[in-house]
Number of protein chains: 2
Amino acid sequence: MDYLENIQAQVRKGILEFAILIIIKGGEIYANGIIKKLKKTDLIVVEGTLYPLLSRLKRNELVEYVWKESKSGPPRKYYKLTKKGAEFLDVLEESWGSLYKSINSLIKDHEKSN
Amino acid sequence: MDYLENIQAQVRKGILEFAILIIIKGGEIYANGIIKKLKKTDLIVVEGTLYPLLSRLKRNELVEYVWKESKSGPPRKYYKLTKKGAEFLDVLEESWGSLYKSINSLIKDHEKSN
DNA sequence: TAGCGACCCTTGCATTGCAAGGTACTGTGT
DNA sequence: ACACAGTACCTTGCAATGCAAGGGTCGCTA
């Protein structure tokens, strides 16, 4: 992959789990639903990324799921946040905010020195 | 490493190259100077991360360096942005802005559905 | 029963942050 | 002159993880 695109991709990667936790917090949802929601933003995710990621979240008890039948195919795993997941997401939102401030202060620093 | 800390670390990782480009744009600087500047923000970087990263930036012609002697040790590589690097940084700043909007719209989405 | 789409998941590769270790230059103390 | 400490640059090996590619199962429809 082109190096420049790759750098942009990395920024997105870094916040993937964060974004997915936010989406799950929005209400019970299954994998393809998450992918569709992410596509509406700048974030893109494919199955090969999402399934292992959801497994990690599950293994660490940030999310849990229930099987639900579908009208058009096999049953789906609907995910929702656990209490622990919700608490952690609060922490993440806070550090996201402070990270944003850090970056902006770097940008401003440089503007001053011009 | 603890999984929860790891997720936070990933967010920082993603924007590392971005942050470093911003710092270099601020004026000629060498490796330890970059590390010190990053420490002032939430971002932490060690040598084993920074040197390969600077090499990648150099290899892709986003930065260039000149050797300068030091009063207290061996000579240092002072980095600065190339024209290409400055142009790319503008692009990065823009996508950083749009990414921020995306995340915030996700957060708002979820607040609505409460 | 054959085909298809929707789901779920796994394997192998490439990238990359980081811990740990290595080399080289400069000044200082003896 | 020699050893040592401090500073600087760099490399090696490991672990995490996004992604492409491929595979299996379920339920509907022809």
Side-chain angles (χ1 to χ4, degrees), chain A residues 1-21 28-36 38-39 42-60 62-79 99, chain B residues 1-21 28-36 38-39 42-60 62-79 99:
Chain A
M1 187 205 257
D2 179 65
Y3 180 68
L4 301 188
E5 287 172 19
N6 190 31
I7 291 184
Q8 293 181 282
Q10 279 211 59
V11 178
R12 292 196 299 271
K13 281 187 204 172
I15 59 167
L16 244 195
E17 318 218 15
F18 178 39
I20 287 171
L21 285 172
E28 287 196 348
I29 193 169
Y30 76 109
N32 280 8
I34 293 174
I35 291 175
K36 278 174 197 161
L38 285 174
K39 270 188 188 157
D42 282 356
L43 301 162
I44 301 176
V45 149
V46 294
E47 290 189 332
T49 299
L50 186 56
Y51 284 107
L53 195 159
L54 288 172
S55 296
R56 286 199 302 275
L57 293 177
K58 172 72 162 54
R59 192 180 331 127
N60 288 276
L62 299 179
V63 302
E64 58 194 3
Y65 61 79
V66 289
W67 284 100
K68 291 198 181 179
E69 292 185 1
S70 160
K71 289 176 184 170
S72 59
R76 303 163 174 174
K77 282 184 174 178
Y78 277 83
Y79 286 87
L99 182 65
Chain B
M1 187 206 254
D2 179 64
Y3 180 67
L4 300 188
E5 288 172 19
N6 190 32
I7 291 184
Q8 294 181 282
Q10 279 212 57
V11 178
R12 291 197 299 270
K13 281 188 205 173
I15 60 167
L16 244 195
E17 318 219 16
F18 178 39
I20 287 169
L21 285 173
E28 287 195 349
I29 194 169
Y30 77 110
N32 279 9
I34 293 174
I35 291 176
K36 279 174 195 161
L38 285 173
K39 269 187 188 157
D42 281 356
L43 301 161
I44 300 175
V45 150
V46 295
E47 290 189 331
T49 300
L50 185 58
Y51 283 106
L53 195 158
L54 287 172
S55 296
R56 287 199 301 275
L57 294 176
K58 171 73 163 50
R59 193 181 329 128
N60 288 276
L62 299 179
V63 302
E64 59 195 1
Y65 61 77
V66 290
W67 285 99
K68 290 196 182 181
E69 292 184 2
S70 161
K71 290 175 185 171
S72 59
R76 304 164 173 172
K77 282 184 174 178
Y78 278 83
Y79 287 87
L99 183 64

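What you see is a predicted model, and the numbers here were worked out from it, not measured in a lab. Numbers restart at 1 for each chain; the letters A, B, ... are given by sequence-line order, proteins then strands. Any value given below was found using the heavy atoms of this structure, including those in side chains, with hydrogens, waters and symmetry copies removed.
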So, does A/Asn6 get its side chain near the phosphate of C/dT16, meaning an N or O under 4.0 Å from OP1 or OP2? yes

Using the 3.5 Å cut-off, write out each protein N or O paired with an N or O of nucleotides 6-10 of chain C and the distance between them.
residue : atom : partner : partner atom : Å
C/dC7   : OP1  : A/Tyr30 : OH           : 2.8
C/dC7   : OP1  : A/Arg76 : NE           : 2.8
C/dC7   : OP1  : A/Arg76 : NH2          : 2.1
C/dC7   : OP2  : A/Tyr30 : OH           : 3.3
C/dC7   : OP2  : A/Asn32 : ND2          : 2.7
C/dC8   : OP1  : A/Lys77 : N            : 2.8
C/dC8   : OP2  : A/Tyr51 : OH           : 2.6
C/dC8   : O5'  : A/Tyr51 : OH           : 3.4
C/dC8   : N4   : A/Glu47 : OE1          : 3.0
C/dC9   : OP1  : A/Lys77 : NZ           : 2.1
C/dC9   : N4   : A/Glu47 : OE1          : 3.3

Figure out the CG/P separation between B/Leu43 and C/dC18, and round it to whole Å. 10 Å

N/O (side chain, B/Arg12) to phosphate O (OP1/OP2, C/dC18) under 4.0 Å: no

Residues passing the salt bridge (charged side-chain N to carboxylate O under 4.0 Å, His left out) test with A/Lys68, sequence neighbours excluded, are A/Glu28

Angle between the two end axes of the helix from C/dT1-D/dA30 to C/dT30-D/dA1, five base pairs per end, rounded to 10 degrees? 20°

To the nearest Å, give me how far apart CZ (B/Phe18) and P (C/dT16) are. 17 Å

What integer distance in Å separates B/Glu5:CD from D/dA15:P? 19 Å

Is any side-chain nitrogen or oxygen of A/Gln10 closer than 4.0 Å to OP1 or OP2 of C/dT15? no

Give the nucleotide from the list D/dG18, D/dA20, C/dG17 with an atom nearest to the side chain of B/Glu17. C/dG17

In this structure, how many angstroms lie between the C1' atom of D/dC9 and the CG atom of B/Leu50, rounded? 11 Å

Between C/dA14 (C1') and A/Ile7 (CD1): distance, integer Å: 16 Å

Distance in angstrom units between B/Leu57 CG and D/dC10 P, rounded: 13 Å

Rounded off to whole Å, could you give me the NZ-to-C1' distance for the B/Lys68 and D/dA8 pair? 16 Å

